[in-house]
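Notes follow once the structure below has been shown.
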Amino acid sequence: MKFLFDLFPVILFFGVFKWAEGHPQAAQEMVMHYLGGAMSSGAVTAAQAPILLSTAVAIVASLGQIAWLLFRRRKVDAMLWVSLAIIVVFGGATIYFRDDTFIKWKPTILYWCFGIALLVSQLLLKKNLIRVMMEKQVSLPEHVWPRLNLAWIAFFASMGLLNLYVAFNYPLDTWVNFKMFGSMGLMFVFIIGQSLFLSKYMKDAE
């Protein structure tokens, strides 16, 4: 359930983009009506409307996530705060300048922020964040934890680069599909591969 909650803005972004892509005139009217005051001068074309509308919905959904957790007096994970800050800045720039370049960079910045956090914590703070998150569920030999941390750093760095490659070498709708299905699929593959690798080291947590 938490997994779906975390993906809520991404799912809405994808759904709204696909709807707007199939109804460009209606999407254009909605963008001009609801977002006209948030954009720099100039008309919005029907081709621009899907990405602008879906970006605005993703921003609202991200704000809604945080508001819901605060309303329920639940802890807001640092990942959600970081994701909110990035979507507001890069999504806001996309809407204001009517330029999808900014929102295309958003996943890469998020991946790289996670990777940098893992790297800095390991090198400067001598704290393995992957171990902090996982050691209550699984017991591993000491030498495995740094390797696992490094694997996640490499994964986030690679995903950031792959997102840029797809974003700037393929049509916009291909990137949107990749953002929804490709990134999620690669994450599942990585986690499965990680589980297979760790299986020979795993012990029942005591």
Side-chain angles (χ1 to χ4, degrees), residues 3-24 27-28 30-31 34-35 38-40 42-65 78-119 151-193:
F3 177 73
L4 291 177
F5 180 79
D6 291 343
L7 281 178
F8 182 60
V10 177
I11 294 171
L12 278 185
F13 176 88
F14 176 81
V16 171
F17 181 88
K18 290 302 178 180
W19 175 86
E21 201 175 32
H23 304 81
Q28 183 182 23
M30 291 180 68
V31 168
Y34 294 106
L35 302 177
M39 296 183 293
S40 58
V44 174
T45 66
Q48 292 174 319
I51 193 65
L52 297 178
L53 187 60
S54 57
T55 296
V57 169
I59 293 173
V60 173
S62 297
L63 289 168
Q65 277 183 315
M79 180 182 71
L80 286 181
W81 285 115
V82 173
S83 181
L84 174 64
I86 294 174
I87 187 63
V88 168
V89 172
F90 285 83
T94 293
I95 294 170
Y96 181 78
F97 293 108
R98 305 188 310 281
D99 186 347
D100 59 27
T101 298
F102 298 98
I103 197 64
K104 287 179 176 178
W105 268 91
K106 184 262 180 184
T108 291
I109 298 300
L110 187 61
Y111 286 131
W112 287 354
C113 281
F114 292 157
I116 290 171
L118 294 177
L119 182 62
W152 276 100
I153 293 171
F155 174 74
F156 285 134
S158 300
M159 287 298 294
L161 291 173
L162 181 58
N163 174 72
L164 293 180
Y165 177 78
V166 175
F168 295 104
N169 287 279
Y170 292 91
L172 180 60
D173 63 327
T174 300
W175 173 74
V176 171
N177 290 334
F178 172 79
K179 188 173 184 293
M180 179 66 192
F181 300 109
S183 297
M184 192 185 307
L186 289 171
M187 176 71 77
F188 280 133
V189 169
F190 177 77
I191 291 174
I192 291 172

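Aromatic ring centres of W105 and F102: separated by at least 6.0 Å.
Nearest heavy-atom pair across G91 and I103 is CA-CD1, 4.1 Å. Across P107 and K179, no two heavy atoms sit closer than the pair CG-CE, 3.8 Å. Taking each heavy atom of M159 and L186 in turn, the nearest pair found is SD-CD1, 3.8 Å. The minimum heavy-atom distance between P50 and A47, with the atom names listed, is CD-O, 3.5 Å. Shown here for C113 and I86, the closest heavy-atom pair between the two residues is SG-CD1, 4.1 Å. When all heavy atoms are compared, the tightest approach of G92 to I59 is N-CD1, 3.8 Å.
Taking the side chain as every heavy atom from C-beta outward, D173 and K18 approach each other to under 4.5 Å. Side chains of M79 and D6 form a contact here, defined as non-hydrogen atoms less than 4.5 Å apart. A 4.5 Å side-chain heavy-atom check between V60 and L12 finds every atom pair outside the cut-off. Residues Y34 and L53 are not in side-chain contact: their nearest non-hydrogen atoms beyond the backbone lie 4.5 Å or more apart.
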Under the side-chain contact (heavy atoms from CB on, under 4.5 Å) rule, what do F17 and L172 come out as? Steps first, then yes or no, please.
-> CA-CA 10 Å; F17 181 88; L172 180 60; 3.8 Å; yes
In sequence, state the C-alpha distance, the side-chain angles, and the governing distance for M39 and L52, and then conclude on side-chain contact (heavy atoms from CB on, under 4.5 Å).
-> CA-CA 10 Å; M39 296 183 293; L52 297 178; 4.1 Å; yes
Which is it for L35 and V44 under the side-chain contact (heavy atoms from CB on, under 4.5 Å) test, yes or no, and what are the steps along the way?
-> CA-CA 10 Å; L35 302 177; V44 174; over 6 Å; no
Passes side-chain contact (heavy atoms from CB on, under 4.5 Å), M180 versus F13? Steps please.
-> CA-CA 9 Å; M180 179 66 192; F13 176 88; over 6 Å; no
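In this structure, the side chain of T94 does not engage the main chain of D100 through any donor-acceptor pair within 3.5 Å. In this structure, the side chain of W152 does not engage the main chain of G115 through any donor-acceptor pair within 3.5 Å. Between the side chain of K106 and the main chain of F90, no donor-acceptor pair closer than 3.5 Å is present.
No more than 12 heavy atoms of other residues, nucleotides or ligands sit less than 6.0 Å from atom OH of Y170.
Note that OG1 of T108 and CG of L161 are 7.5 Å apart. Values are rounded to the nearest 0.5 Å. Between F114 atom CZ and S83 atom OG the span is 6.5 Å, to the nearest 0.5 Å. In this structure, the separation between CD on E21 and CD1 on I51 is 9.5 Å, given to the nearest 0.5 Å. Here the CG-CD1 distance, from L118 to I153, works out to 5.5 Å after rounding to the nearest 0.5 Å.
Each of F178, F181, F8 was evaluated against F14; a single residue qualifies, F181, per the ring-ring contact (aromatic ring centres under 6.0 Å, His included) test.
At a cut-off of 3.5 Å, with distance as the only test, a side-chain donor of W175 or N163 sits close to an acceptor on the other residue.
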